[in-house]
Novice: 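To start, I am sharing the structure in question, which I have written as structure tokens.
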Amino acid sequence: MTDLRHIRNFSIIAHIDHGKSTLADRLIQLCGAVSDREMVDQILDSMDLERERGITIKANTVRLDYTAKSGEKYVLNLIDTPGHVDFAYEVSRSLAACEGSLLVVDASQGVEAQTLANVYQAINNNHEIIPVLNKVDLPAAEPARIRQQIEDVIGLDASDAVEISAKTGLGVPDVLEAIVNRLPAPKGDRSAPLKALLVDSWYDPYLGVVVLLRIVDGEIRKGQKIKLMSTGASYQVERVGISRPKREMVDKLGPGEIGFFTAAIKQVADTRVGDTVTDERNPATTPLPGFKPAQPVVFAGFFPVDAARFEDLRDAMGKLRLNDASFSFEMETSAALGFGFRCGFLGLLHLEIIRERIEREFNVDVITTAPSVIYKVNLNDGSQIELHNPVDLPDANHITSIEEPWIEATILVPDEYLGSILKLCEDRRGRQKQLTYAGTRAMVVYDLPLNEVVFDFYDRLKSVSRGYASFDYKMVGYEEGDLVRMGILVNAEAVDALAMIVHRGRAEQRGRVMCEKLKELIPRHMFQIPIQAAIGGKIVARETLSALRKDVTAKCYGGDITRKRKLLDKQKEGKKKMRQFGKVEIPQEAFIAALKMDEN
Amino acid sequence: MRSSEPGFGVYVHWPFCKAKCPYCDFNSHVRHAPVDAMSFAEGLVRELSWFGERTQKREVASIFFGGGTPSLMPPAAVAHVLDAIAKLWPLSPEAEVTLEANPTSVEAGNFAGYRSAGVNRVSVGVQALDAEDLKALGRQHSVEEALAAFRLAARIFPRVSFDLIYARPGQTREAWTAELARALAEQQGHMSLYQLTIEEGTRYADLYAAGKLIVPDEETGADLYDITQELTAQAGLNAYEVSNHALPGHESRHNLIYWRYGDYAGVGPGAHSRIGQGSDRFALSTERHPETWRARVAADGHAVVEETRIETADQAAEYLLMGLRIADGIDLARYRQLSGRSPAHLAELTEMGLVSLRGDRLIATHAGRRVLNAVISQLAA
């Protein structure tokens with residue numbers, strides 16, 4: 001155990017691609033925690049998906065031994081936090097486990113909305129913040145301008161920002177010195193009852209559930225009986241350890257330290273991020289503040305493309321759930337898609353990650369239905385139901401009103417794209433709350449209905465701003481809306497998987513776009529196919545997919561037979577990726593792409 | 001068509017061309033030095049005897065010289081091959097002997113020689129009756145030259161086919177109607193009318209991918225197809241296959257072997273065979289490169305590079321693919337025997353008027369034939 005004075009706990013706040021993982025890699029290397037032989041890029045991102053997409057999904061820590069220029073030896077704990085709005089709560093808990101942060105800003109691109117949201121969270125957690133300007137070696141770098149921007153936009157003194165190039169290693173030793181000299185040491189009482197923050201947890205095939213925690217008071221030891229305060233569940237600690245990032249077992253952890261324990265906990269869902277870990281016999285009187293149980297905000301149906309692989313899909317989801325308690329699922333049946341699951345996610349990125357992992361790690365192709373938010377439906381009898389699936393909406397004459405969730409969105413954008421962004425927000429029923437400038441960049445704050453955001457808001461935002469706008473949001477509550485269920489009929493049959501809840505004023509446009517998109521995506525059949533969008537019995541949009549007129553091979557002789565047969569076999573394979581609906585075959589992409597609607 | 005028995009055919013591939021046509025994906029090669037034709041004919045004869053041993057005593061109903069450009073063969077080479085076939089197999093007294101010919105004046109000079117060698121049918125690749133289009137198609141002859149060659153062929157051979165390609169870039173309904181009417185006035189009982197298809201690996205495919213070749217869209221293509229059916233029917237030619245039209249008795253017996261899913265031995269570079277042995281059926285193919293093929297034949301007596309036993313389910317699919325192209329369709333009993341089941345979606349497709357049953361034969365209707373690929377994919381599903 002290390003004395004408090006020689007511990008520094010910190011996290012790194014950065015926008016995607018601003019160099020967080022690269023800086024982490026350099027710090028680890030400089031402190032000699034990983035030999036050159038073991039060094040891979042983005043050491044802390046253990047999943048392929050994390051490495052590829054440059055996003056961190058699970059929190060991760062590394063303990064570094066650092067001898068400062070003063071000659072004193074320090075223990076530095078770096079917590080790598082998830083970096084996306086979907087995981088805002090997880091981020092806040094990781095930040096709560098540290099006393100300070102490095103704010104890494106790309107010296108040519110400047111502050112982005114996501115950076116802003118996380119830095120405010122860090123400030124709320126009373127962090128000391130060290131601004132770090134990265135990529136100063138690039139010709140486009142403008143450290144002076146970005147310094148000014150940090151002061152203007154965030155209100156943070158950037159005069160002693162550290163200038164570095166994480167890629168080349170330039171300035172990185174100064175970062176280490178700044179950490180020990182400028183960040184405060186943790187506080188804590190070793191003799192008090194154990195009180196520790198549950199930062200994250202994951203499932204390890206050899207160790208079972210591994211719990212990452214930050215000790216605030218007291219100590220955690222092997223063999224100790226501990227209790228999770230939110231659930232009251234008790235466990236006996238089997239192992240206590242630290243990550244360097246290679247795991248190393250220790251006897252105990254004390255105040256200010258960050259490490260992990262295992263305790264025969266069966267599933268990750270039994271451990272809740274933000275919970276307080278305490279001693280069973282001598283518990284703390286009050287839990288740590290800020291605990292919230294994980295709440296999915298976006299729901300969507302997952303169905304196997306090949307219906308025969310339903311059990312494989314169940315198995316894959318079960319395994320992913322082992323490691324991700326914020327993802328929930330239950331069985332669902334759809335007339336169009338057969339057996340599948342209704343799944344809850346923290347956001348759209350979370351949804352995409354889960355889908356990609358199922359397809360990649362478990363090799364099950366998945367059809368995703370329209371993402372839906374949770375609606376609160378007030379019924380005539382005075383009761384209220386939570387609606388996760390548009391298909392379950394009760395008949396209109398039983399409904400008094402429907403409430404939908406709203407968010408507050410913060411968007412940072414260069415002013416030349418401001419007009420398009422404002423139009424986008426207005427089109428999506430947004431209400432402007434704030435519009436301010438910092439240099440040539442505008443910051444707009446809008447209240448928006450979440451259901452207008454879950455479809456393709458982020459894609460649209462990126463495309464109208466040529467990728468320059470950045471976006472962050474938080475939930476602000478529920479509000480009544482004029483909402484209706486819009487159904488899609490293909491060849492006069494309702495395709496339940498395509499039904500969605502929309503605002504009445506937007507229904508016609510949404511319906512039209514949807515029908516047009518489906519017309520493009522459904523291959524022509526031997527007969528004409530009407531595609532309609534309807535609210536109740538009223539058709540609000542219609543397209544007609546004309547019948548296939550000609551599809552015949554002109555020449556076919558002796559030499560062609562094998563080739564033609566193989567073509568037929570290939571077609572048969574392709575049919576497996578289609579869903580038969582009535583007489584119509586709808587390809588998998590139609591279900592996915594129809595929901596990524598480009599309205600222009 | 002007198003009988004629906006496929007019979008047994010021999011296919012002879014001549015792989016050389018004067019120039020490669022930009023739409024053609026057949027195994028063809030251009031040689032700038034003179035080709036030693038007799039050495040290739042010798043190779044063909046050797047490979048024929050290898051196949052002769054595997055298909056003993058089958059009566060040959062048809063022989064077909066395809067290519068490439070078989071009308072570049074010296075008549076002596078054709079005679080050498082035909083003599084060999086007559087020694088290896090019993091030849092039907094009515095055997096059809098077809099040779100594909102390009103209608104250039106030079107090649108027309110060989111016609112009499114082919115006739116003496118035993119060829120009794122030529123398929124003349126006129127391809128277009130428009131000077132610009134012939135150039136675009138990479139053809140080596142003019143319209144006048146082609147018509148003269150065709151008329152000469154019609155005097156020399158008992159049966160001739162007039163072959164055209166339609167739905168060419170820029171071709172309108174009116175233009176095709178006029179061109180087809182002109183061709184109908186010339187034809188002598190058989191026409192092969194192919195809609196232009198962009199085949200992978202051709203120059204046209206590259207141009208098409210680069211957006212430099214615009215072919216008529218599906219709507220126009222469908223109209224052109226309908227015009228073709230209508231005009232040929234008016235002229236008394238039966239659409240006995242998707243792209244083939246003939247007066248009764250003038251059908252290509254050789255191609256009917258393929259469409260009736262019969263057996264055939266294919267010799268020469270890149271030739272394919274289907275050969276039944278007992279209850280098994282084999283697909284064979286030979287080396288594609290001409291000189292390599294010749295060397296292999298010289299060394300081994302054949303240049304078969306692939307031989308696969310065709311699963312019965314695959315045989316069923318092949319039977320369906322080929323058989324529904326022709327007017328007398330497929331024999332359902334034979335299909336069921338191969339696939340172990342009836343074709344799928346029968347009732348639905350019948351109701352839609354795309355197929356019909358005549359006794360135990362399943363036939364694609366006119367409407368069904370136009371979307372035959374989709375129909376077959378349903379039946380095979």
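In the text below, chain A, chain B and the rest are named by the order of the sequence lines, each starting its count at 1.
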Novice: As an exercise, state the distance from CD of B:Q378 to NZ of A:K583, rounded to the nearest 0.5 Å.
Specialist: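 So the CD of B:Q378 and the NZ of A:K583 are separated by 10.0 Å.
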Novice: Hey, what's the ring geometry for B:W259 with A:Y557, parallel, tilted or perpendicular (30° and 60° as the breaks)?
Specialist: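 Tilted.
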Novice: Report which part of B:V371 has an atom under 4.5 Å of a heavy atom belonging to chain A: side chain, backbone, both, or neither.
Specialist: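 Contact with chain A: backbone and side chain both.
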Novice: Ignoring hydrogens and geometry, is there a side-chain-to-backbone donor-acceptor pair from B:R325 to A:A554 under 3.5 Å?
Specialist: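 Present.
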Novice: Could you measure the distance from the CZ atom of B:R370 to the CG atom of A:L548? Nearest 0.5 Å is fine.
Specialist: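 It comes to 9.0 Å.
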Novice: Would you please go through residues 343-352 of chain B and name the residues with a non-hydrogen atom below 4.5 Å from one of chain A, in numerical order?
Specialist: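 The residues closer than 4.5 Å to chain A, in numerical order, are B:E348, B:L349, B:M352.
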Novice: Which answer fits A:K572, side chain, backbone, both or neither, if we ask what part of it has an atom under 4.5 Å from a heavy atom of chain B?
Specialist: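 The side chain, not the backbone.
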Novice: Find the distance between CZ (A:R563) and CG (B:L321) and round it off to the nearest 0.5 Å.
Specialist: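 Here the rounded value is 12.0 Å.
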Novice: Can you find a heavy atom in the side chain of A:T553 that is under 4.5 Å from one in the side chain of B:L372?
Specialist: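 With C-beta onward as the side chain, the pair stays apart.
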Novice: Relative to chain A, which of B:I257, B:L196, B:I376, B:N255 shows the most heavy atom pairs under 4.5 Å?
Specialist: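 Heavy-atom pair counts peak at B:N255.
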Novice: Could you go through the salt bridge (Lys or Arg N to Asp or Glu O under 4.0 Å) check for B:D25 and A:K555 one step at a time?
Specialist: CA-CA 11 Å; B:D25 72 332; A:K555 259 188 172 182; over 6 Å; no
Novice: Which distance, rounded to the nearest 0.5 Å, do you find between the CG of B:L320 and the CZ of A:R565?
Specialist: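 The CG atom of B:L320 sits 13.0 Å away from the CZ atom of A:R565.
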Novice: Are B:E218 and A:D551 side-chain neighbours, meaning at least one heavy-atom pair lies under 4.5 Å?
Specialist: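 They are not in side-chain contact.
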Novice: Quick check: closest heavy atoms across A:D569 and B:D314, and the distance to 0.1 Å?
Specialist: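 Scanning both residues completely, I find the closest heavy atoms to be OD2-OD1, 4.5 Å.
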Novice: Which atoms of B:F26 are under 4.5 Å from chain A, going by heavy atoms: the side chain, the backbone, both sets, or neither?
Specialist: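 Contact with chain A is through the side chain of B:F26 alone.
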Novice: Can you confirm whether B:R274 sits close enough to A:I561 that some side-chain heavy atom of one is under 4.5 Å from a side-chain heavy atom of the other?
Specialist: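 The answer is yes, as the side chains (C-beta and beyond) meet within the 4.5 Å cut-off.
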Novice: Which bit of B:N27 comes within less than 4.5 Å of chain A, counting heavy atoms only: side chain, backbone, both or neither?
Specialist: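 For B:N27, no heavy atom lies under 4.5 Å from chain A.
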Novice: Flag the one option from B:A317, B:S243, B:G368, B:A374 with the top tally of heavy-atom pairs under 4.5 Å to chain A.
Specialist: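 Option with the top pair count is B:A374.
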Novice: More than 12 non-hydrogen atoms from neighbouring residues, nucleotides or ligands closer than 6.0 Å to CZ on A:F362, yes or no?
Specialist: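 More than 12 heavy atoms, drawn from other residues, nucleotides or ligands, come within 6.0 Å of this atom.
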Novice: Please look at A:L568 and chain B and tell me whether the side chain, the backbone, both or neither of the residue comes under 4.5 angstrom of a heavy atom of that chain.
Specialist: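 For A:L568, the side chain is the part near chain B, not the backbone.
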Novice: Output, in order, the C-alpha distance, side-chain angles, deciding distance and verdict of salt bridge (Lys or Arg N to Asp or Glu O under 4.0 Å) for B:D217 and A:R549.
Specialist: CA-CA 11 Å; B:D217 59 17; A:R549 262 202 79 194; over 6 Å; no
Novice: Please find the pair of heavy atoms, one from B:E318 and one from A:T562, that lie closest to each other, and give the distance.
Specialist: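 B:E318 and A:T562 have their closest heavy atoms at OE2-CA, 4.1 Å.
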Novice: Distance check, rounded to the nearest 0.5 Å: B:L324 atom CG versus A:C556 atom SG?
Specialist: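 Between atom CG of B:L324 and atom SG of A:C556 there are 11.5 Å.
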Novice: For the candidates A:Q571, A:M526, A:K564, which exhibits the highest count of non-hydrogen atom pairs separated by less than 4.5 Å from chain B?
Specialist: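 With the most close heavy-atom pairs to chain B, the winner is A:M526.
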Novice: Using non-hydrogen atoms and a 4.5 Å limit, figure out which bit of B:T197 sits close to chain A: side chain, backbone, both or neither.
Specialist: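 Contact with chain A: side chain only.
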Novice: Quick check against the 3.5 Å criterion: does B:Y11 have a side-chain atom that pairs as donor or acceptor with the backbone of A:G558?
Specialist: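 The answer is no, because no donor-acceptor pair under 3.5 Å joins these two groups.
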Novice: Taking side chain as everything from C-beta outward and backbone as N, CA, C, O, which of these in B:L193 sits under 4.5 Å from a heavy atom of chain A? Side chain, backbone, both or neither.
Specialist: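 No part of B:L193 comes within 4.5 Å of chain A.
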Novice: Near B:F282 CZ, under 6.0 Å, is it more than 12 heavy atoms from other residues, nucleotides or ligands?
Specialist: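 Enclosed.
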Novice: So with a 6.0 Å cut-off around CD of B:Q229, is the heavy-atom count from everything else above 12?
Specialist: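 For B:Q229, atom CD is crowded (more than 12 foreign heavy atoms under 6.0 Å).
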